[in-house]
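Here's the structure we're looking at; comments come further down.
Here the structure is a predicted model, which means the values were calculated and not measured. Throughout, a chain's letter reflects where its sequence line sits, starting with A, and its residues are numbered from 1.
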Amino acid sequence: MSTPLRRLERDFYRADSREVAPRLLNKVLVHGNRRARIVEVEAYAGGEDPASHAYRGRTARNATMFGPPGHLYVYFSYGVHWCANVVCGPEGTASAVLLRAAEPVAGLDEVWAARPKARRERDLLSGPGRLCQGLGIDGRHDGADLVDPLVGGPWVADDGTPPPCPPGRTPRIGISVARDELWRFTVPGSPHLSRPR
DNA sequence: CTTTGGATCGTCT
DNA sequence: GACGATCCAAAGG
């Protein structure tokens, strides 16, 4: 018998992104039949964070981050991939948590079909672009409300698995500034991380 | 196993 | 016109 999935409420997301990020570890991202346990995230701290898309103010692309917490900010990266963030903090702070890697736990057939280049299970969702591709998340989902989702739309659940204590902490990946901040959080030892350690 | 370079295009300078 | 919050294939140890 498994604990029923309980949808995260608005207040969960209203805190600082650096607090929300580790709490999202081991939560379950649901999209249709596909479910995946979040094992790696990064916090972005809005206007105070030079690595954040929101650092230079609001634009058409990052508008979702400036809205209320609990929505999904999805952007197109390197002309190739989609990446998904959860908007955090009080409305207007433009802070967010990037979803970087997850362990697929349901709907595996669909995930494999969406990730034809993956060879092993641990390659399915181990990276922000891979995660979106494998779960079928793209630009159509920018602005989606995770707290009051559309039927078949993405949302986040607690299945009773607590976050790791303590979580792994490292610098964020792929950025050229603020490299000294330890704002990447991981489930230590998970084989589904985008990178070990 | 690690390293390297190409792909590809929306966004902002 | 330059540059990414990346991924992947190819080549080398």
Side-chain angles (χ1 to χ4, degrees), chain A residues 13 16-22 24-25 29 36 38-67 69 71-89 93-104 111-144 146 154 156 167-187 189 191-197:
Chain A
Y13 300 104
D16 188 283
S17 60
R18 290 155 290 193
E19 297 179 14
V20 176
L24 275 170
L25 295 173
L29 179 59
I38 297 165
V39 297
E40 176 181 338
V41 296
E42 286 175 357
Y44 287 84
E48 308 170 2
D49 179 3
S52 169
H53 288 170
Y55 185 57
R56 296 175 199 289
R58 177 176 180 150
T59 66
R61 173 176 68 159
N62 66 25
T64 297
M65 269 202 293
F66 285 81
H71 289 248
L72 206 59
Y73 164 51
V74 184
Y75 71 94
F76 194 50
S77 179
Y78 288 95
V80 182
H81 291 105
W82 295 100
C83 297
N85 300 252
V86 173
V87 177
C88 297
T93 54
S95 63
V97 173
L98 173 67
L99 304 177
R100 283 199 56 93
E103 171 185 357
V111 177
W112 275 107
R115 292 273 305 129
K117 291 178 181 167
R119 304 273 181 138
R120 305 165 297 188
E121 189 168 306
R122 67 173 178 271
D123 297 328
L124 285 173
L125 305 176
S126 53
R130 292 170 172 180
L131 185 153
C132 283
Q133 186 178 26
L135 295 179
I137 292 171
D138 60 32
R140 297 190 307 259
H141 301 101
D142 182 39
L146 302 170
V156 183
R169 293 195 63 170
T170 79
R172 294 172 291 182
I173 292 176
I175 57 171
S176 54
V177 291
R179 286 210 179 101
D180 50 335
E181 304 289 3
L182 303 180
W183 291 349
R184 172 177 179 253
F185 299 88
T186 64
V187 174
H192 299 272
L193 300 178
S194 67
R195 303 189 192 178
R197 290 200 85 59

Query raised in the report: When you measure from the side chain of R169(A) to the backbone N and O of L182(A), does any donor-acceptor pair fall under 3.5 Å?
Result: yes
Report task. Write out all pairs satisfying side chain to side chain donor-acceptor pair (under 3.5 Å) with one or both partners inside residues 38-50 of chain A, taking only residues at least two apart or from two chains. Result -> E40(A)-R100(A), E40(A)-R184(A), E40(A)-S194(A), E42(A)-Y44(A), D49(A)-R172(A)
Requested in this report: Write down the distance between CZ (R172(A)) and C1' (dA5(C)), rounded to a whole number of angstrom.
Outcome: 8 Å
Query - Nearest-angstrom distance from the residue atom CZ of R184(A) to P of dT6(C) - result: 11 Å
Report task. Taking the side chain as every heavy atom from C-beta outward, state whether P171(A) and D180(A) have any atom pair closer than 4.5 Å. Result -> no
Query raised in the report: Taking CG from L193(A) and P from dC7(C), how many angstroms apart are they, rounded to a whole number?
Result: 13 Å
Query - Whole-Å distance separating the OH atom of Y44(A) from the P atom of dG4(C) - result: 13 Å
Report summary line: Residue pairs meeting side chain to side chain donor-acceptor pair (under 3.5 Å), one or both in residues 71-88 of chain A, sequence neighbours left out, come to H53(A)-Y73(A)
Requested in this report: Indicate for each nucleotide in nucleotides 7-13 of chain B, in 5' to 3' sequence, whether protein heavy atoms under 4.0 Å reach the base (B), only the sugar-phosphate (S), or nothing (-).
Outcome: -BBSSSS
Query raised in the report: Is the backbone N or O of D123(A) less than 3.5 Å from a side-chain atom of R115(A), with the two atoms forming a donor-acceptor pair by type?
Result: yes
Query - Step-by-step side-chain contact (heavy atoms from CB on, under 4.5 Å) determination, I137(A) to L72(A) - result: CA-CA 10 Å; I137(A) 292 171; L72(A) 206 59; 4.3 Å; yes
Report task. For L98(A), report the nucleic acid contact type (base, sugar-phosphate, nothing); a contact means any heavy atom under 4.0 Å. Result -> base
Query - F76(A), CZ: over 12 other non-hydrogen atoms inside 6.0 angstrom - result: yes
Report summary line: Rounded to whole Å, CZ of R119(A) lies from P of dC7(C) at a distance of 17 Å
Query raised in the report: For DNA chain C, whose closest nucleotide is more 5', that of N85(A) or that of D123(A)?
Result: N85(A)
Query raised in the report: If you take all heavy atoms of L124(A) and A118(A), which pair is closest and at what distance?
Result: CD2-CB, 3.7 Å
Report task. Take the protein atom CG of L99(A) and the nucleotide atom C1' of dT6(C), then report the distance between them rounded to whole Å. Result -> 15 Å
Report task. Answer yes or no as to whether dA5(C) has its base stacked against Y75(A), where stacking requires a ring-centre separation under 5.5 angstrom and planes under 30 degrees apart. Result -> no
Query - Exercise: identify the closest heavy-atom pair between L24(A) and V97(A) - result: CD1-CG1, 3.9 Å
**Report entry** With V41(A), the side chain to side chain contact (heavy atoms under 4.5 Å, CB included) member among V20(A), L25(A), T186(A)
**Finding:** L25(A)
Query raised in the report: Between R195(A) (CZ) and dC1(B) (C1'), how many Å, whole number?
Result: 16 Å
Report task. Figure out the CZ/P separation between R100(A) and dA5(C), and round it to whole Å. Result -> 11 Å
Query raised in the report: If you look at every heavy atom in T93(A) and C88(A), which pair is closest and at what distance?
Result: OG1-O, 3.7 Å
**Report entry** Bracket string, DNA chain C, 5' to 3' - pairs by Watson-Crick or G-U geometry under 3.5 Å, | interstrand
**Finding:** ||||.|||||||.
Requested in this report: Look at the side-chain N and O atoms of R130(A) and state whether any lies under 4.0 Å from the OP1 or OP2 oxygen of dC8(C).
Outcome: yes
Report task. Determine: side-chain N/O of H81(A) to OP1/OP2 of dC7(C), distance under 4.0 Å, yes or no. Result -> no
Query - Counterpart residues, side chain to side chain contact (heavy atoms under 4.5 Å, CB included), relative to R56(A) (two or more places apart) - result: none
Each nucleotide N or O in nucleotides 10-13 of chain C that has a protein N or O under 3.5 Å away: list the pair and distance.
none

Query raised in the report: Looking for any heavy atom pair under 4.0 Å, which part of the strands does R115(A) touch: base, sugar-phosphate only, or nothing?
Result: sugar-phosphate
